[in-house]
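Reminder, nothing fancy here: chain letters follow the sequence lines and each chain counts from 1. Hydrogens, waters and symmetry mates play no part in the numbers below; they use all other heavy atoms, side chains included.
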Amino acid sequence: MNISYNWIKEYLDLDVSAADLAEKIERTSVEVDSVTRPADGLKKVVVGHVNAMEAHPDSDHLHICEVDVGDDQPSQIVCGAPNIAAGQNVIVALPGSRIGGNVKIKRSKMRGVESDGMICSLQEIGFSEDVVPKEYADGIYVLPADATPGEPVFHILGMDDSLIDLDVTPNRGDMLSLNGTLRDLAAIYDKPVTLDQPAVKETGDAIADQLTLHVDDQLSPQYRMRLVRNIQIKPSPMWLQVRLWNAGMRPINNVVDVTNYIMLKYGQPLHAFDYDKFSGQDVYVRTAQAGEKLTTLDENDHELDPTDIVIADSQAPIALAGVMGGLSTAISDQTTTVAIEAAVFESVHIRKAAQRHHLHTDASQRFERGVNQAGVQDALDAAAQMLDELAAGTVQTGTAVGSNRVPEPAVIPLTLTHVNAVLGMDLSMERVTHILETLGFTVAVAGDQLTVTVPIRRNDIHIPADLLEEIARIYGYDNIPATLPTGRMTQGRLTAAQRLMRATRHSLEGLGLNQAISYALTTEDKAKMFLMRPSEVTKLAWPMSVDHAVLRMNMVTGLLDDIAYNTARKVKDVALYEQGRVFYREDGTDRPSEEEHIAGAVTGTLMPEAWDQAAKPVDFYQVKGMVEAYLQDMAVNGDVTYVPNADMPEMHPGRTADILVHGHRIGYLGQVHPTIAKRFKIGATYVFELNLQAIIDMPKQENQYDVISRYPAITRDIAMLVADDVTNEQVVNLIEKRGGAYLQSVKLFDVYAGVKVPKGKKSLAYTLTYQDKHATLVDDAVNQAFDKVSHRLQDELGAEIR
Amino acid sequence: MSLKDKLTELQQHGLADIQKSSDLKDVNQIRVSLLGKKGPITEVLRGMRDLDAEERPKVGAFANEVRDTLTTALAKRREELEAAVLNARLAKETLDVTLPGTPVAKGEPHVIQQIIDQIEDLFLGMGYQVLSGPEVEEDKYNFEMMNLPKNHPARDMQDTFYITKEILMRTQTSPMQARTLEKHDFSQGPLKMISPGVVYRRDTDDPTHSHQFHQVEGLVIDKHVTMADLKGTLQVLAHELFGDKFDVRLRPSYFPFTEPSVEADITCFNCGGKGCNVCKNTGWIEVLGAGMVHPNVLKMAGVDPDVYGGFAFGVGPDRFAMLKYGVDDIRNFYLNDVRFLTQFTKKG
Ligand SMILES: [Zn+2]
C-alpha cells in the first residue's frame, strides 16, 4: 500500500525526509518496498493555457495551438489529442524537458509546422494507466482552471509527494490506513497526533422510515448504513483525486471517490449503493442461496457459493459482501440517492470468497486482516459529511444499524520483570509505560505489575508476548544488546547415524564422485523405476507440474536426470553421488515411510584424458571398486558378496550385481540398460544404489591394531585354465578354504579369454601370499600348501594348472 | 739428483697430470702408473737400500707423504669427475615442470551441503543437537502446532504440496520444533537444537524460486532465554558464514509461531553497507526470520510458557549460498551441472 508522505505531514510535525521516514518505518513497524517521488526524473513540465487553436493544414487530426506557458510570447505547439480545446489548461512539456520513461522533448517540426514542446497526457508524464480518470484515458489531461501558466505541474498533480510503499504483514491490518500509520508514527517519533473527528450534519428525514436492515450478526458483527439524498454526481476536487491516484486508485466520481478516500484514511472499506435501484426498502446480509448469481462492478458474472456472504434486497443479491459491489445497484451519473454501507464481515468468509471468485480487492484485503471495529461509525459519518460537502447531498437523519457487536478491548497483565527477562534488557517502568501510552494503550501500574488495555483497532494484540513486541520495536531493536544463552551446559554432538552419513559423503567424494542434490519430486514413471522393494507411489494432490508430481522411490533416476542435463550441455564426463531419502508407501496408508539411500552414477570417464594418460571409459569394475572401497570405509561387519541379477528391468541383465552383506541385499550396482539410457538421452552409464539406513543399522567392525609380522612373506603365482562359467568367487573361495594356515591373501592379477586359450575356457592367474606371524616360513611348508591347493582346483573346479 | 728431489719432481708432475685428467679412465691410468707396483714411487723406494741409515727414515717418510698427497688428489679428482657425470645426466633428465599434473579423480561436496555443515559445526560447538525430521509431514506438525490453525490467513503465505488433507510435504523444518518440544525432558537441561533439511513449496521454478530448497531451523528453550540472546546468536552465525565484519540488525516482522517476530538483515556484501543496487541502497540484505517462540507453540507441545521460553530462527542455505557466491539462479543447485558443482571446493 502506498502511503503519502505529504498526507502524513499534514497531521504529524516531522522533520525527516521521506527516505528517512521510510527507513524508520521499516526498522520499527512494517517492511517498506520502495519510496518513489513521481516527479523524480521529470523537468520543465508546466501548466499551459490554450489561447487558441486551428487545424493543421496537412493533417486531419493535428491542431496547431497557441499556448501561454508563462512567457512573454505564447508558444506554438502542435497537438494530436482528440480532446484538446481552446481555453483549457494543459500539461506542457517545454523544449529541453524530460517526461515519463526518461524521454527528452525537443523543439521539432510536425508535418512542416514548428512545435515548441508537447502537450501531454497523464500517462506521458509517468502515470499508470490504472489511475488515469476514464475521461482522460485516451487524450490529454485538463488541469484545473485556476492553474497558473508557466507554473510546474508537479505540485498540482501531487507528483512532488513521496509515496512510501508499505508491505504490511498479515497481523498489521491497522497499518492499511493513514490513521493507523499515523498512530504508529506518533509512537515511533514520540509526538502527539490529533486525528480528524467527523461532524456530520443530518438535515434529511429519519432513515428508519426509508431503510430496514436484516443482518445475520454471525456473518457481519457490525452492519451500518447511512442514506444521502439529492446527490450531484460529478468529478471530485483535485486534492481528492491526487490522494487517490497517489494511492494507486483511479478517481471515478465524487461518491465512489469519497468511499475510497475514507477507506484510505480510516482503513474502513465502504460501499455506496444507488438506493433507487433497490427493490424495496429492506436490505439483507445473509449467505447466498443455491443457484444465486451476481454480476459485480467489474461486469463479471459469479455463481455464488452457499458460504459467500451477500448483501441482498428483497429480490436478489446486490453485492458480494466485503469483496465487491454488484453492477445492478452501482453508482451512475444519474444516481441521486446513495446508501453508504460501513460494516465488519467475518474474515474467514471474506478470504474464501476472494479466493473463490478471484477477486482480491482493497476491501477484501482489509476485511481479511480485520478492520477497526471501534471506528465503523466514524468512517460512515466522515463519508456522509464529505457527500454533503462535495456532492451537495442531504444526509438523512440517523444511521440504520443491522448488527452492532463490538468486541471488548483486550486487557493484558504484564510485569516489568517479565519484559526485561524476555528482552534481555533493563528498562524502567516509566520507559515501558511511556512506550505503551504513545501507542494509545491505557496502562495501570501497581508495583511491578502493568495492566494494559489495548484499543480495539489493534486487533493483533492479545497476550503479553504481543506487548513485548510493541515495547521492543518502539524501543528499537538496535538498542537490544547481543549476548549468548547462558544456563546449563548441553552437549553438542552428532549421532552415530549423522556421523556415518558425513563419513559416507567424505568417502564417496574421496573416490571421485561429486555430490548432487536432485529433485525428490519426480514423474510417476521415474518414481517407479529401479525399485529396490515393492511400493505404492505417493502422489501430490495438486502438483505444480507433471515433472514434479510424485515422490521418488529411488535415487538413481534423479542422478540420470542430472546426467541428461549435463549431456545436453556437452559435458561428457559426469560422476555424481547423492545422499537422500526415498519414499515407500504401503497400500492402505496415506503417509510414506522415508528411507535414507545413497546412490552414484558415472558416465564417460572417471579419469579424464590428459597429455600423459588416455581416457578410460568407466566400466562395471571401476564402479564396483568404489562400492567396495566405500563399504570398506564403513567397516560393515560381515562378508560382502556380489550376486548377478538379470531381473532388474532398468539394468543391463549381464552387468548387474546385487550387493549382499552377510547374505542381506542392501543394494545393487551395474550398467543402466541401454534402452533406459536411450530414454534418458544419455550414454553408457554405471550406477549403484544402497540402502544407507541398512548400513547405518548394521554392526560395524571396531578398528583394532593388528601386529605387522616381522617375518618375511613368501608369494607363489598360479595360473589356470577354467571353464567360462567358473567365477572368480568360486576360485578364490576354494583357495581361501584350502590354502592352509599360512595363506594371508589371494590376489587376482590376470584374466584372459582370447585366442590363446581354447574356446569355452578362460585363463585366471593369482598371487598367493603366505606368511607366518611368529616364525620365518620355510619353502617346504609353502610348497606343500601350494600343491594341495593346486590339486583341489583341478579336482573341484576342473582347472588346468599352467 | 737426490732421491728427495726425484720424489718432489714426481709429485709435481703427478699432480699436474691428475689435474689434466678428463675422465675416470685417465684418473685410473694415472693411479696405476704413479702408485702401481712398477710405478716410479716404488722404484724410488727400492733405491733407498743405497742410503745410509740416518737418511733412510727421512726419505721414507717423505716418500709416504708424496704417496698420500697423490692418493688424495686422485680421489678428489675422481669425485669431481663423477659429480660432473651425474650432473650431465641430471641435466638431460630435466622436465618441463609447467606441464599439468596427471589428473586424479576427485569429488566435491555440494555447495549447499558445505553451508549446512558449516552451520551444524558452529552450533554443535555451542552445545546444540542436530535433528532431522520427516520430509513428509502431518498438517498438525507443519502448521497447527506452529500456531497456524486451518483458517489462518498466513497459510496463504506458504503454498503447500498436499498429499492428502492431513499429509503434506513439509514447507519448513520447524515441525521438528514441535516434535522435539513434545518429547524433551527439561529436567535434563535446556533444549538447544538445529534442524537442517529439504523443504518444499508450491512454486514455479524460476531464477529466484524453487519448489525444493533447504532450511535450517534453530530453537533454544530454557528458563531464561532472551531476545538479546537471539540477537547475539544470529550475530555469531553471520560472523561464521560471512566474516567478522558483517553486522546484524533486526526488524519487526510477522510469523505465527514467534512473538515478537523479527527479520534479520546483514551488512550488504556488495557494498559493505554503503548502499548499492544489490541492497536497494539500504546497505543491508535480508537473510533470515526469527523471534521468541510463541507461547501457543509451547503450550500445544505441552511446555509451560510461564516457566519456559526461548527463541527460534530459520535460515535458508540456498539464499546464503546465492548471496555469498553471487549465484544468480537458484535452479543451479538442483540441476547438478558438473561445471557448477566443481566450482565450490572443500576448503572448509
Ligand atoms: Zn549494497
Enquirer: Just by distance, do the side chain of A/Trp542 and the backbone of B/Tyr162 share a donor-acceptor pair under 3.5 Å?
Expert: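 No; judged by distance alone, with no hydrogens or angles, the pair does not exist.
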Enquirer: If you look at every heavy atom in A/Asn514 and B/Glu108, which pair is closest and at what distance?
Expert: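 Residues A/Asn514 and B/Glu108, closest heavy atoms: OD1-N, 2.8 Å.
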Enquirer: Just wondering, are more than 12 heavy atoms of other shown residues or ligands nearer than 6.0 Å to CZ in B/Arg331?
Expert: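 Yes, CZ of B/Arg331 has more than 12 neighbouring heavy atoms, counting only those of other groups under 6.0 Å.
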Enquirer: For the pair A/Gln515 (side chain) and B/His110 (backbone), establish whether a donor and an acceptor sit closer than 3.5 Å, ignoring hydrogens and angles.
Expert: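 Yes: the side chain of A/Gln515 pairs with the backbone of B/His110.
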Enquirer: For A/Val348, which atoms come within 4.5 Å of any heavy atom of chain B: side chain, backbone, both, or neither?
Expert: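 Only the side chain of A/Val348 comes within 4.5 Å of chain B.
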Enquirer: To the nearest 0.5 Å, how far apart are CD in B/Gln113 and CD in A/Glu578?
Expert: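 Answer for the CD-CD pair, B/Gln113 versus A/Glu578, is 10.5 Å.
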Enquirer: Out of A/Thr28, A/Val30, A/Thr538, return the one with the most heavy atom pairs under 4.5 angstrom to chain B.
Expert: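 Going by pairs under 4.5 Å, I would pick A/Thr28.
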Enquirer: Can you tell me which of A/Leu484, A/Asp460, A/Thr169 forms the most heavy-atom pairs within a distance under 4.5 Å of chain B?
Expert: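 Among the listed options, the one with the most contacts to chain B is A/Leu484.
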Enquirer: Given that the side chain runs from C-beta out, which part of B/Leu335 has a heavy atom under 4.5 Å from chain A: side chain, backbone, both or neither?
Expert: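 Answer is both: backbone and side chain atoms of B/Leu335 are under 4.5 Å from chain A.
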Enquirer: Counting only heavy atoms closer than 4.5 Å, note whether A/Asp33 contacts chain B via side chain, backbone, both or neither.
Expert: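 Backbone of A/Asp33 only, per the 4.5 Å heavy-atom cut-off to chain B.
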Enquirer: Between A/Tyr519 and B/His211, does the ring centre distance come in under 6.0 Å?
Expert: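 Aromatic pair counts; centres sit under 6.0 Å.
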Enquirer: Counting only non-hydrogen atoms closer than 4.5 Å, does B/Leu168 touch chain A with its backbone (N, CA, C, O), its side chain (CB onward), both, or neither?
Expert: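 No part of B/Leu168 comes within 4.5 Å of chain A.
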Enquirer: Are A/Met544 and B/Asp205 packed together at the side-chain level, in the sense that at least one heavy-atom pair is separated by less than 4.5 angstrom?
Expert: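 With C-beta onward as the side chain, the pair stays apart.
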Enquirer: What part of B/Met193 is in contact with chain A, defined as an atom under 4.5 angstrom from a non-hydrogen atom: side chain, backbone, both or neither?
Expert: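 For B/Met193, no heavy atom lies under 4.5 Å from chain A.
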Enquirer: Among A/Leu576, A/Asp561, A/Leu551, which residue has the highest count of heavy-atom pairs closer than 4.5 Å to chain B?
Expert: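 Going by pairs under 4.5 Å, I would pick A/Leu551.
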Enquirer: Are any of the side-chain nitrogens in A/Arg591 or B/Glu138 under 4.0 Å away from the carboxylate oxygens of its partner?
Expert: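 Counted as a salt bridge, because a side-chain N and a carboxylate O are separated by less than 4.0 Å.
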Enquirer: Tell me, please, which residues at least two apart from A/Glu470 pass salt bridge (charged side-chain N to carboxylate O under 4.0 Å, His left out).
Expert: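 Result, salt bridge (charged side-chain N to carboxylate O under 4.0 Å, His left out) vs A/Glu470: A/Arg458, A/Arg473.
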Enquirer: If you round to the nearest 0.5 Å, how far is CD of B/Gln212 from CG of A/Leu521?
Expert: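 CD of B/Gln212 is found 7.0 Å from CG of A/Leu521.
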Enquirer: Only pairs of heavy atoms separated by less than 4.5 Å count here; which of B/Ala228, B/Pro190, B/Ala105 has the most with chain A?
Expert: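 Most pairs with chain A among the choices: B/Ala228.
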Enquirer: Nearest 0.5 Å please: distance from the CZ atom of B/Phe186 over to the CZ atom of A/Arg488.
Expert: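 Rounded to the nearest 0.5 Å, the CZ-CZ separation comes out at 10.5 Å.
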Enquirer: Check each atom of B/Pro295 against the heavy atoms of chain A and say whether the ones under 4.5 Å are side chain, backbone, both or neither.
Expert: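 Answer is side chain: those atoms of B/Pro295 sit under 4.5 Å from chain A.
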Enquirer: Chain B: which of A/Lys352, A/Lys539, A/Gln498 shares the most heavy-atom pairs with it under 4.5 Å?
Expert: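 Highest number of pairs under 4.5 Å: A/Gln498.
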Enquirer: Once rounded to the nearest 0.5 Å, what's the spacing between atom CG of B/Asn336 and atom CG of A/Asn566?
Expert: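 It comes to 8.0 Å.
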Enquirer: Need one label for B/Phe333: side chain, backbone, both or neither, based on atoms under 4.5 Å from any heavy atom in chain A.
Expert: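 B/Phe333 touches chain A through backbone heavy atoms alone.
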Enquirer: If the threshold is 4.0 Å, N to carboxylate O, is there a salt bridge linking B/Lys280 and A/Glu23?
Expert: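 The answer is no: the pair does not qualify as a salt bridge.
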Enquirer: Identify the heavy atoms of A/Met607 and B/Pro103 that sit nearest to each other, and give their distance.
Expert: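 Minimum heavy-atom separation between A/Met607 and B/Pro103: CG-O, 3.8 Å.
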Enquirer: Should B/Tyr334 and A/Ser518 count as side-chain neighbours, where that means a heavy-atom distance under 4.5 Å?
Expert: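 No, too far: nothing below the 4.5 Å cut-off.
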Enquirer: Nearest 0.5 Å, please: how far is OG1 in B/Thr164 from CG in A/Asp590?
Expert: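 That separation rounds to 4.5 Å.
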Enquirer: Does any heavy atom of chain A fall under 4.5 Å from the side chain of B/Glu135, the backbone, both, or neither of them?
Expert: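 The answer is both parts of B/Glu135.
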Enquirer: Carefully, step by step, assess B/Glu259 and A/Leu468 under the rule side chain to side chain contact (heavy atoms under 4.5 Å, CB included).
Expert: CA-CA 8 Å; B/Glu259 187 72 37; A/Leu468 294 179; over 6 Å; no
Enquirer: If you measure from the Lys or Arg side-chain nitrogens to the Asp or Glu carboxylate oxygens, is any gap between A/Arg505 and B/Asp117 under 4.0 Å?
Expert: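 Yes, A/Arg505 and B/Asp117 are salt-bridged.
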Enquirer: What pair of heavy atoms forms the shortest contact from B/Arg249 to A/Asp478, and how long is it?
Expert: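 Here B/Arg249 and A/Asp478 meet closest at CB-OD1, 4.1 Å.
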Enquirer: Please determine, among A/Ile463, A/Ile517, A/Leu467, the option with the most heavy-atom pairs under 4.5 Å with chain B.
Expert: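 Going by pairs under 4.5 Å, I would pick A/Ile517.
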Enquirer: I need the minimum non-hydrogen distance between B/Asp337 and A/Arg569, along with the two atoms involved.
Expert: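 Answer, listing the atom of B/Asp337 first, then A/Arg569: OD2-CD, 4.0 Å.
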Enquirer: Decide side chain to side chain contact (heavy atoms under 4.5 Å, CB included) for B/Tyr128 and A/Thr490; before the verdict, give the C-alpha distance in whole Å, the side-chain angles of both, and the deciding distance to 0.1 Å.
Expert: CA-CA 7 Å; B/Tyr128 288 59; A/Thr490 48; over 6 Å; no
Enquirer: For B/Phe161 and A/Pro543, work out which heavy atoms get closest and say how close.
Expert: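 Here B/Phe161 and A/Pro543 meet closest at CE2-CA, 4.3 Å.
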Enquirer: With sequence neighbours excluded, what pairs up with A/Phe367 under the ring-ring contact (aromatic ring centres under 6.0 Å, His included) test?
Expert: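 By the ring-ring contact (aromatic ring centres under 6.0 Å, His included) rule, A/Phe367 matches A/Phe345.
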Enquirer: Tell me, side chain or backbone of B/Phe123 under 4.5 Å from chain A's heavy atoms, or both, or neither?
Expert: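 No part of B/Phe123 comes within 4.5 Å of chain A.
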Enquirer: Give, as side chain, backbone, both or neither, the part of B/Val262 having an atom under 4.5 angstrom from any heavy atom of chain A.
Expert: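 Contact with chain A involves the side chain of B/Val262 alone.
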Enquirer: Heavy-atom distance under 4.5 Å to chain A: side chain of B/Gln188, backbone, both or neither?
Expert: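 The backbone, not the side chain.
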Enquirer: Ignoring hydrogens and angles, tell me if any N or O in the side chain of B/Lys231 forms a donor-acceptor pair with the backbone of A/Ile480 under 3.5 Å.
Expert: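 Yes, the answer is positive, given that a donor and an acceptor are paired below the 3.5 Å cut-off.
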Enquirer: Side chain, backbone, both or neither: which part of B/Val236 has a heavy atom under 4.5 Å from chain A?
Expert: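 Only the side chain of B/Val236 comes within 4.5 Å of chain A.
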Enquirer: Strictly below 4.0 Å, N to O, side chains only: are A/Arg502 and B/Asp121 in salt-bridge contact?
Expert: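 B/Asp121 and A/Arg502: salt-bridged.
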Enquirer: Non-hydrogen atoms of chain A under 4.5 Å away: do they reach the side chain of B/Ser261, the backbone, both or neither?
Expert: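 Its backbone and side chain both get close to chain A.
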Enquirer: Identify the two heavy atoms, one from A/Ala421 and one from B/Thr226, that lie closest to each other, and give their separation to 0.1 Å.
Expert: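 Heavy atoms of A/Ala421 and B/Thr226 come nearest at O-CG2, 3.0 Å.
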Enquirer: Between B/Pro256 and chain A, which part of the residue has a heavy atom less than 4.5 Å away: side chain, backbone, both or neither?
Expert: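 Contact with chain A: none, neither part.
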Enquirer: Quick one: which of A/Asp573, A/Val571, A/Leu606 has the most heavy-atom pairs under 4.5 Å with chain B, could you say?
Expert: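 That would be A/Val571.
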Enquirer: Less than 4.5 Å to any heavy atom of chain B: does that hold for the side chain of A/Ala19, its backbone, both, or neither?
Expert: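 Neither the backbone nor the side chain of A/Ala19 comes within 4.5 Å of chain B.
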Enquirer: What part of B/Leu341 is in contact with chain A, defined as an atom under 4.5 angstrom from a non-hydrogen atom: side chain, backbone, both or neither?
Expert: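 The side chain, not the backbone.
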Enquirer: Could you grab the distance from atom OG1 of B/Thr282 to atom CD of A/Glu26, nearest 0.5 Å is fine?
Expert: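 Going from the OG1 atom of B/Thr282 to the CD atom of A/Glu26 covers 7.0 Å.
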Enquirer: Is B/Arg251 salt-bridged to A/Glu31, going by a charged N under 4.0 Å from an acidic O?
Expert: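 Looking at B/Arg251 and A/Glu31, the cut-off is met.
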